[in-house]
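Data first, discussion second: the structure below is written as structure tokens.
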Amino acid sequence: MRRSSGSAALLALVLGVAGCGGVGGTGDDGGTGGSGRLTTLGFSFSDEIATSRVDAFKQAHPEITVEVTEGGFDEQQFLSAVADGNPPDLVYLDRKLIGTYATRGAITPLTECVEKHDVDLDQYRPAAREQVTLDGVLYGIPEFYSVRVVYLDEAVLRQAGLTPDQVDLANWANLPALTDRLARVSDGRLTRIGIDPKIPEFLPIWARANGADLLSADGRTARLDDPKVLEALQTTLGLLQRQAGWDRFKGFRDTFDFFGPDSPLARHQLGVWPMEDWFLNQVAKNTPDAQLVVKPFVDRQGNPLTLVSGQAWAIPKGAKNPEAACEFAKQMTETDTWVAAAKARVAARQASGAPFTGLYTGNAEADRRIMSEVYRPSGNPRFDNAVQTILSVQEHAFAIPASRAGAEFDKAWMDAVNRVLSGQSEPAEALRRAQSEATAALDRAAK
């Protein structure tokens, strides 16, 4: 997320117009939100998981007209709408942004929402719930629970004379040699990536694997200048430099289509890489014959480790129908809705002849029921083993803590890594600058 000076000005304006308090008020009909018009921002009808849940709400609440403004979350659009006093009733956004918008007064506490609509908070996974809770106050309803695992193309490994068991991400000293063995670089031209460390996005998991956190557990203290963070950045940067350098590496990777049948997995252009669990669904849908192996990401002691993220539903300040918004967020994330969505996906996969690889949500009870009532092993050991790997790492998940300056903190360390990748700064210098920027943002937010 990039924050322009215009966005900062809009946030300041939001503080002036939003006021205080939680979810209350009435719907368009002047009642308690039992009817009227409900508008959303940041959500799309991307697949049957989305459409089936919205359809379920419409069937349960025919008195509410749901208007979904499709597309990803747009910060400028959102803040402008709040500042103008005409926000959507509900916004769908990355959980890491919740703290910033809560602090700046752009979204409302959900205390009344939870109490009046009997939202069962215990059903949500603790890591997901903590990401939408700031200073003990809930500001969002968590949706998906996306963890990171390691994907391997066994065909690439076989050509290098390796097996999946010989890929050990705990042994950082051996990663350069492993990268060289898997990658294909000729005359400075990269035609196959050996190991993609996925930085800047995955720096937090590499740092945690090295025993460091980018942010303190209370979300108040940046730790970007920790020597262990520096070591994680230097190690991952070194892997990229061995593969024709960042510019050529990125240029090659930018040609990949992870969402189609001509993916890098199908074309054997990538050996080993960490990625979110949702990629397994894409493989099952588009390249079911791929020679895929999925393993846990591990720390330097070999213990399973994963970073979790996901979206959340939040109610903006000034929403005209917060009661309907609360009911919508509740139903979209409750157990029965998720189970029905999983059944819709199974039907879609059966129609296309592709396997169902699970559905991973912020609702632990929903996932338990999906795996016991809906999921059935496909008979393909690659996919069946991958599903079990994803399930096994969920209990080893960590998330970047909620922070009053979550967006600003995220920008500080992302910008630092990008400066290093582009050759504008050395790693230590970049992280010191990021530490200063993040600390200043956290201090401002604390005031």
Side-chain angles (χ1 to χ4, degrees), residues 7 10-45 50 53-54 57-58 60-95 97-119 121 131-134 137-143 311-334 402 406-407:
S7 297
L10 281 170
L11 278 170
L13 181 57
V14 165
L15 280 170
V17 302
C20 301
V23 173
T26 62
D28 287 349
D29 63 342
T32 60
S35 63
R37 175 172 169 262
L38 171 66
T39 59
T40 75
L41 178 69
F43 184 76
S44 294
F45 294 111
R53 290 184 296 142
V54 174
F57 179 83
K58 290 179 178 179
H61 300 278
E63 71 283 1
I64 298 176
T65 301
V66 179
E67 297 182 7
V68 175
T69 302
E70 290 201 64
F73 175 74
D74 185 300
E75 180 184 48
Q76 289 279 357
Q77 181 182 4
F78 171 60
L79 294 177
S80 294
V82 174
D84 290 343
N86 189 33
D89 297 304
L90 199 58
V91 62
Y92 187 68
L93 72 169
D94 195 306
R95 291 198 286 265
L97 301 176
I98 290 290
T100 288
Y101 295 138
T103 300
R104 302 303 181 98
I107 58 176
T108 186
L110 298 184
T111 306
E112 292 182 36
C113 164
V114 169
E115 293 176 353
K116 293 175 66 174
H117 293 259
D118 195 24
V119 179
L121 295 182
Q131 281 188 295
V132 295
T133 303
L134 185 68
V137 179
L138 186 78
Y139 285 91
I141 301 295
E143 267 233 343
Q311 294 74 32
W313 292 102
I315 300 178
K317 287 287 188 179
K320 295 179 177 61
N321 203 347
E323 301 298 340
C326 182
E327 188 62 28
F328 184 90
K330 173 188 175 182
Q331 183 161 348
M332 288 287 283
T333 60
E334 66 185 3

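Note: hydrogens, waters and symmetry copies are ignored here, and every other heavy atom, side chains too, is used. Index from 1, following the sequence.
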- Query: Which is it for N321 and R37 under the side-chain contact (heavy atoms from CB on, under 4.5 Å) test, yes or no, and what are the steps along the way?
  - Reply: CA-CA 7 Å; N321 203 347; R37 175 172 169 262; 5.6 Å; no

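- Listed by chain and number, the residues in a ring pair (Phe, Tyr, Trp, His ring centres under 6.0 Å) with Y139 amount to none (sequence neighbours excluded).
- For A106 against V82, the heavy-atom pair with the smallest separation is O-CG2, 4.2 Å.
- Judged by distance alone, the side chain of D74 and the main-chain N or O of Q77 form a donor-acceptor pair under 3.5 Å.
- At a threshold of 4.5 Å between non-hydrogen side-chain atoms, the residues Y101 and E75 count as touching.
- For T108 (side chain) and P316 (main-chain N/O), no donor-acceptor pair under 3.5 Å exists by modelled atom type.
- Taking the side chain as every heavy atom from C-beta outward, V91 and T40 never approach each other to under 4.5 Å.
- Contact detail for T39 and P87: the closest heavy-atom pair is OG1-O, 4.4 Å.
- Of the inter-residue distances, the one linking E327 atom CD with M332 atom CE reads 12.5 Å to the nearest 0.5 angstrom.
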- Query: Given the rule in the side-chain contact (heavy atoms from CB on, under 4.5 Å) test, do L93 and I98 qualify, once you have shown the distances and angles that lead to the verdict?
  - Reply: CA-CA 8 Å; L93 72 169; I98 290 290; 4.0 Å; yes

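- Within the model, atoms CG of L97 and CD of Q311 stand 10.0 Å from one another, a figure rounded to the nearest 0.5 Å.
- Between F78 and F73, the ring center distance clears the sub-6.0 Å criterion.
- Residues I141 and L110 are in side-chain contact: their nearest non-hydrogen atoms beyond the backbone lie under 4.5 Å apart.
- Residues passing the side-chain hydrogen bond (donor to acceptor under 3.5 Å, both in side chains) test with N86 are K320, sequence neighbours excluded.
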- Query: Given the rule in the side-chain contact (heavy atoms from CB on, under 4.5 Å) test, do I107 and I315 qualify, once you have shown the distances and angles that lead to the verdict?
  - Reply: CA-CA 6 Å; I107 58 176; I315 300 178; over 6 Å; no

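- Across every non-hydrogen atom of C113 and V119, the tightest pair is O-CG2, 4.1 Å.
- Residues that satisfy the side-chain contact (heavy atoms from CB on, under 4.5 Å) test with P142, not counting sequence neighbours, are R95, Y124, A128, V132.
- Classified by interplanar angle (parallel below 30°, tilted 30° to 60°, perpendicular above 60°), the ring pair W313/F43 is tilted.
- A salt bridge links R53 to E143: at least one charged side-chain nitrogen sits closer than 4.0 Å to a carboxylate oxygen.
- Nearest heavy atom pair, residue G72 against residue S44, reads N-OG, 4.5 Å.
- At a threshold of 4.5 Å between non-hydrogen side-chain atoms, the residues L90 and L41 do not count as touching.
- Side chains of H117 and E323: a donor-acceptor N/O pair is present below 3.5 angstrom, by distance only.
- Contact of the L38 side chain with the T65 side chain is not registered, since no non-hydrogen atoms from C-beta on lie closer than 4.5 Å.
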